[in-house]
Trainee: 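Okay, handing you the structure first.
Naming convention: chains lettered A, B, ... in sequence-line order (proteins, then strands); numbering from 1 in each chain. When reading the values below, keep in mind they use all heavy atoms of this one structure, side chains included, and skip hydrogens, waters and symmetry mates.
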Amino acid sequence: MEERHEPVSSAISATNFIKTIVAEDLKSKGLKQIITRFPPEPNGYLHIGHAKSICLNFGLAEDFGGHCNFRFDDTNPSKEEAEYVESIMDDVRWLGFDWENRLYYASDYFEQLYDWAEKLIKKGKAFVCDLNAEEIKQYRGTLTEPGKESPYRNRTVEENLDLFRRMRAGEFPDGAKTLRAKIDMASGNINMRDPVMYRIKHEEHHRTGSKWCIYPMYDYAHGQSDSIEGITHSICTMEYEDHRPLYDWYLQELEIYHPRQIEFARLNLSHTVLSKRKLLRLVKEGFVKGWDDPRMPTLAGLRRRGYTPQSIRNFCDRIGVGKKESLVDTALLEFCIREDLNKRARRVMAVLNPLKVVITNYPEGQTELMDAVNNPEDPDAGNRKVPFGREIYIELEDFMEEPAKGFFRLFPGNEVRLRYAYFIKCTNFIKDSKGNIIEIHCTYDPSTRGGDAPDKRKVKSTLHWVSALHCISAEVRLYDKLFLTEDPNTLPEGKDFIEYINPDSLIVKTALLEPSLKESKAGEVFQFERLGYFCVDTVDSLPGRPVFNRTVTLKDEWVKIQNRIHKKQ
RNA sequence: UGGGGAGUCGUCCAACGGCAGGACGACAGACUCUGGAUCUGUUUAUAGGGGUUCGAAUCCUCUCUCCCCAGCCA
């Protein structure tokens, strides 16, 4: 699974405001290197939004000569599970990033964090509060009104210390007490209204087991973890901007090394959702088949869909980094995977909607092996032989009884090329009782073997095909956008994002494939000529029975022409 | 009505007092044994009003719009 990739071409990534800040800091603070970190909570799967953060943090470290730590932010035992730890590390490795020996857990710092909490108590900057959750909420005030001070706010240092130690010792039940910072209940910033530092949870932690029954809150743990690791730049998303004063306050009161927090806008991608809550609903309610369903924007899903690490890293470079809320068009992601696969995918022929063609003047029982190029973009990919015979299948869409305007594929009397084979001309067609075309008769020109006419005459179209006698069949899964609406997060009043799921986001077909595909291996990528890029599914394929996932279609001029005609009508 | 943040082509990102540029998309053409790829070209933007300045997307000011914050979640 692990792959290494050449760095993304520097032509793509110009600069961003964070690089500017870091460059200035390096100069003004005389730093030799920077240290960043990627700090996921192990409570779910990584998605393309996390990839933006991963690329940013590891990329910055690479650009400025430093390193990026990998840290699990595991301060809440009720939400976190060990199973996620492995999958998250897999995803980051898959993207091609290496944290070497710098794997950390916030839970490794619990003892130090505890000592620092006592230090704040001794400074008179923290107190044990007996208010319950509901009361704390009442006392906190509202967005426009200041809060009230807790009646327990003025306990003595000795009492606070005693109570806090007893909290740790397990003397109190969940929710009975909290440790809170003593800051300012009238602050306009609600995060500063005596925020909770520790809560009591008699729960098993995935790493510390039952050693602790009090757990630090994110705000109390994160900055200090950054400080312990010597992080120079702690990069997070915009919603933490309001938390920065608190981040700074703890570090200042603790009088310890003070990293700099910088916020950037999280990624939004059109036609999909990236919130954990919504993704979970898609899985739980069965709209997709799991976290790694190829329609999911999770890294596991994208990987199974056929997206390459390189394409995702290129995407992350192209979208840039800013502070404003934005919605990136999925078309850019699709461009990135086409760009990458165009260079590396072997071309093969496969027919999704077969229509039988009989070449009436071709000798019965004859088979020829035609020379086919594996990848016109890559001479090293070599050639292969594709069997050809009297009866073949072409794509149903490649024939029209009465050609529409702009259609120059097969129609009665018209000559086209069969890729790597012969010119054929349609002489007749057969319909069933319902009027559906079920078979085409053509003649071929033997002098055009290989696909070129000695008399230099041209045809306007080249069709892909498979030999009826030699082709194999396989399940092919045609994936499309998961949502019909561009932004499933911004909906009319009363609408649920579920209502906008694309009913055709998955269409399963039995396709006919050239025989070389029989032994293709899980994860292999191909371009089915004129159709799109496909990969062999890593979960449901069996030896000799591959299942193919469509990663993305090819750009299709004919589809556009048809759409235009439809719009006019 | 409190605090914080953001407004530049259709989309995303640059330009940081000196010619508003790139990528994707769209459109047009060339080329092509994939209506793919490639190549060429076209199109469209500084939220609005004042001000400072020789010169403003950039500085000042007022206004408008959008986003985030009231977990013992992260």
Side-chain angles (χ1 to χ4, degrees), chain A residues 11-17 20 39-41 43 73-76 78-80 129 131-133 136-137 140-147 174-180 186-193 195-201 215 217-219 221-222 236-245 263 265 270 276 317-329 331-336 338-339 342-343 347 349 372-373 376-377 406-409 417-421 423 450-452 458-464 486 527-532 553-561:
Chain A
I12 296 171
S13 59
T15 185
N16 61 55
F17 78 99
T20 306
E41 184 188 13
N43 72 341
D73 216 339
D74 56 353
T75 57
N76 185 353
S78 355
K79 295 174 62 185
E80 296 148 8
C129 184
L131 257 26
N132 66 31
I136 285 185
K137 186 180 169 146
R140 186 157 31 226
T142 69
L143 292 178
T144 52
E145 297 155 341
D174 286 10
K177 286 180 167 42
T178 56
L179 183 72
R180 299 176 67 182
S187 173
N189 182 345
I190 289 177
N191 294 306
M192 302 300 272
R193 318 239 263 228
V196 171
M197 294 167 60
Y198 274 88
R199 72 289 215 185
I200 302 172
K201 278 175 185 278
Y215 291 93
M217 298 286 288
Y218 164 86
D219 282 306
H222 203 91
C236 59
T237 45
M238 290 301 288
E239 64 267 28
Y240 291 103
E241 203 158 27
D242 284 346
H243 295 246
R244 192 180 348 126
E263 308 85 13
S270 76
K276 204 161 280 176
D317 274 317
R318 284 171 183 274
I319 58 177
V321 180
K323 287 167 81 92
K324 84 170 165 193
E325 157 122 335
S326 62
L327 181 65
V328 176
D329 196 330
L332 183 59
L333 218 209
E334 293 182 344
F335 167 81
C336 291
R338 287 191 188 108
E339 177 190 47
N342 178 48
K343 287 177 295 188
R347 272 60 168 173
M349 292 196 284
V373 175
E377 304 292 322
F407 182 89
F408 41 79
R409 274 112 94 145
R417 173 170 35 234
L418 292 175
R419 180 134 234 227
Y420 302 124
F423 284 12
D452 285 305
K458 301 286 183 195
V459 289
K460 289 188 82 172
S461 182
T462 299
L463 308 185
H464 61 276
E486 201 178 41
Q527 184 195 98
F528 289 2
E529 293 216 33
R530 302 208 302 138
L531 297 174
T553 60
L554 254 29
K555 281 173 67 174
D556 190 339
E557 205 59 39
W558 174 236
V559 166
K560 281 187 198 168
I561 293 168

Trainee: Can you tell me the distance, in whole Å, between the CD atom of A:Glu334 and the C1' atom of B:U11?
Mentor: 14 Å
Trainee: What's the spacing between A:Lys560 NZ and A:Lys555 NZ if we round to 0.5 Å?
Mentor: 5.0 Å
Trainee: Can you tell me how far C1' of B:A37 sits from CD of A:Glu339, to the nearest Å?
Mentor: 12 Å
Trainee: Evaluate the side-chain proximity of A:Glu529 to A:Thr462: yes if any heavy-atom separation is below 4.5 Å, no if none is.
Mentor: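 The answer is no, as the side chains (C-beta and beyond) never meet within the 4.5 Å cut-off.
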Trainee: Looking at A:Lys324, I'd like to know whether one of its side-chain N or O atoms comes within less than 4.0 Å of OP1 or OP2 on B:U8.
Mentor: yes
Trainee: Taking C-beta and beyond as the side chain, do A:Tyr218 and A:Asn76 meet within less than 4.5 Å on heavy atoms?
Mentor: no
Trainee: CZ/A:Arg199 to CG/A:Leu179 distance, rounded to the nearest 0.5 angstrom?
Mentor: 12.5 Å
Trainee: Does A:Arg318 reach the side chain of A:Leu333, with side-chain heavy atoms less than 4.5 Å apart?
Mentor: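 Sidechains of A:Leu333 and A:Arg318: no contact.
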Trainee: Do the side chains of A:Glu377 and A:Arg347 get nearer than 4.5 Å, heavy atoms only?
Mentor: yes
Trainee: Under 4.0 Å between any heavy atoms, over every strand shown, what does A:Pro146 touch: base, sugar-phosphate, or nothing? Just pick one.
Mentor: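 Here A:Pro146 touches no strand at all.
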Trainee: Taking the C1' atom in each of B:A30 and B:U46, what is the distance between them to the nearest angstrom?
Mentor: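 Straight-line distance between the two C1' atoms is 35 Å.
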Trainee: Looking only at N and O atoms, is any donor in the side chain of A:Gln527 or the base of B:U34 less than 3.5 Å from an acceptor on the other one?
Mentor: yes
Trainee: In the 5'-to-3' direction, what one-character label does each nucleotide of nucleotides 18-30 of chain B receive under the scheme B = base within less than 4.0 Å of a protein heavy atom, S = sugar-phosphate only, - = no such atom?
Mentor: -----SSSSSS--
Trainee: Is A:Gly406 touching bases, backbone alone, or none of the nucleic acid, heavy atoms closer than 4.0 Å?
Mentor: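 Since a base atom lies under 4.0 Å of A:Gly406, the category is base.
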Trainee: Dot-bracket notation for RNA chain B is requested: 5' to 3', Watson-Crick or G-U wobble pairs only, both distances under 3.5 Å, with ( ), [ ], | and . as defined.
Mentor: .((((((..((((....[..)))).(((((.......)))))....(((((..]....))))))))))).....
Trainee: Between P on B:U11 and CD on A:Glu486, what's the gap in Å once rounded to a whole number?
Mentor: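 That distance rounds to 9 Å.
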Trainee: Taking the basic N atoms (NZ, or NE/NH1/NH2) and the acidic carboxylate oxygens, is any pair closer than 4.0 Å for A:Lys276 and A:Glu41?
Mentor: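 So A:Lys276 does not pair with A:Glu41 through a salt bridge.
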Trainee: Measure the distance from NZ on A:Lys323 to P on B:G7 and round it to the nearest whole Å.
Mentor: 9 Å
Trainee: Could you measure between the two C1' atoms, the one in B:U43 and the one in B:A23, and give it in whole Å?
Mentor: 16 Å
Trainee: Of the non-hydrogen atoms in A:Asp242 and A:Pro245, which two are nearest, and what is the gap between them?
Mentor: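 Shortest heavy-atom separation between A:Asp242 and A:Pro245 comes out as O-CD, 3.4 Å.
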Trainee: For B:C13 and B:C9, measure between their P atoms and round to the nearest Å.
Mentor: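 To the nearest whole Å, 11 Å.
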Trainee: Look at all strands and tell whether A:Arg193 reaches a base, only sugar-phosphate, or nothing, counting heavy atoms closer than 4.0 Å.
Mentor: nothing
Trainee: Indicate the atoms forming the closest heavy-atom contact of A:Arg193 with A:Glu145, along with that distance.
Mentor: NH2-O, 2.9 Å
Trainee: Could you give the CG-to-P distance, from A:Leu418 to B:U34, as a whole number of Å?
Mentor: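 So the two atoms are 13 Å apart, to the nearest Å.
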Trainee: Below 4.5 Å, heavy atoms only, C-beta onward: do A:Tyr240 and A:His222 meet side chain to side chain?
Mentor: no
Trainee: Mind checking the P distance from B:G10 to B:G50? Whole angstroms is fine.
Mentor: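 Their P atoms lie roughly 24 Å apart.
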Trainee: Given atom NZ of A:Lys343 and atom P of B:A37, what is their separation to the nearest angstrom?
Mentor: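 Taking atom P of B:A37 as the reference, NZ of A:Lys343 is at 14 Å.
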Trainee: If anything within 90° of 0 is syn and all else is anti, what is B:G10?
Mentor: anti
Trainee: In whole Å, what is the span from the CZ atom of A:Arg409 to the P atom of B:G36?
Mentor: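 A:Arg409 atom CZ is separated from B:G36 atom P by 11 Å.
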Trainee: Scan A:Val559 against the nucleic acid and name what it touches under 4.0 Å (heavy atoms): base, sugar-phosphate only, or nothing.
Mentor: nothing
Trainee: Using whole Å, report how far CG of A:Asn342 lies from P of B:A37.
Mentor: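 Nearest whole value for this atom pair: 7 Å.
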Trainee: Quick check: closest heavy atoms across A:Asp73 and A:Pro39, and the distance to 0.1 Å?
Mentor: CB-O, 3.8 Å
Trainee: What is the nucleic acid contact for A:Phe407, judged by heavy atoms within less than 4.0 Å: base, sugar-phosphate only, or nothing?
Mentor: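 Result for A:Phe407 = base.
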Trainee: Report the residue (A:Ile319 or A:Leu531) whose heavy-atom-nearest nucleotide on RNA chain B is the more 5′ of the two.
Mentor: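 First, find each residue's nearest nucleotide; the 5'-ward one identifies A:Ile319.
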Trainee: When the nearest nucleotide of RNA chain B is assigned to A:Tyr420 and to A:Leu554 on a heavy-atom basis, which residue is associated with the more 5' position?
Mentor: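 Comparing both residues, the 5'-ward one is A:Tyr420.
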Trainee: If you check every side-chain atom of A:Leu327, which of B:G35, B:U34, B:C12 has the closest atom?
Mentor: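 Looking only at heavy atoms from C-beta outward on A:Leu327, the closest nucleotide is B:C12.
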Trainee: Rounded to whole angstrom, note down the C1' distance from B:C64 over to B:G22.
Mentor: 30 Å
Trainee: Taking the C1' atom of each, how far is B:G35 from B:G29, in whole Å?
Mentor: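 Going atom to atom, C1' in each nucleotide, I get 15 Å.
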Trainee: Which value, in whole Å, describes the distance between the C1' atoms of nucleotides B:A57 and B:A45?
Mentor: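 Result for the C1' pair: 10 Å, nearest Å.
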Trainee: Sugar-phosphate atoms are those with a prime plus P, OP1 and OP2; base atoms are the rest. Using that split, label each nucleotide of nucleotides 69-74 of chain B B, S or - for protein heavy atoms under 4.0 Å, 5' to 3'.
Mentor: BBSBBB
Trainee: Nearest 0.5 Å please: distance from the CG atom of A:Leu531 over to the CG atom of A:Leu554.
Mentor: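 It comes to 8.0 Å.
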Trainee: From A:Arg419 CZ over to A:Leu463 CG, what is the distance, rounded to the nearest 0.5 angstrom?
Mentor: 11.0 Å
Trainee: Can you tell me whether the side chain of A:Arg530 and the base of B:G35 have a donor-acceptor pair closer than 3.5 Å?
Mentor: no
Trainee: Provide the distance between the two C1' atoms, one in B:C72 and one in B:A6, to the nearest whole Å.
Mentor: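 The answer is 32 Å between these two C1' atoms.
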Trainee: Just to be sure I understand the rule, does A:Glu241 reach a base, reach only the sugar-phosphate, or reach nothing, if contact means heavy atoms closer than 4.0 Å?
Mentor: sugar-phosphate
Trainee: I need the A:His464 NE2 to A:Tyr420 OH distance, nearest 0.5 Å.
Mentor: 13.0 Å
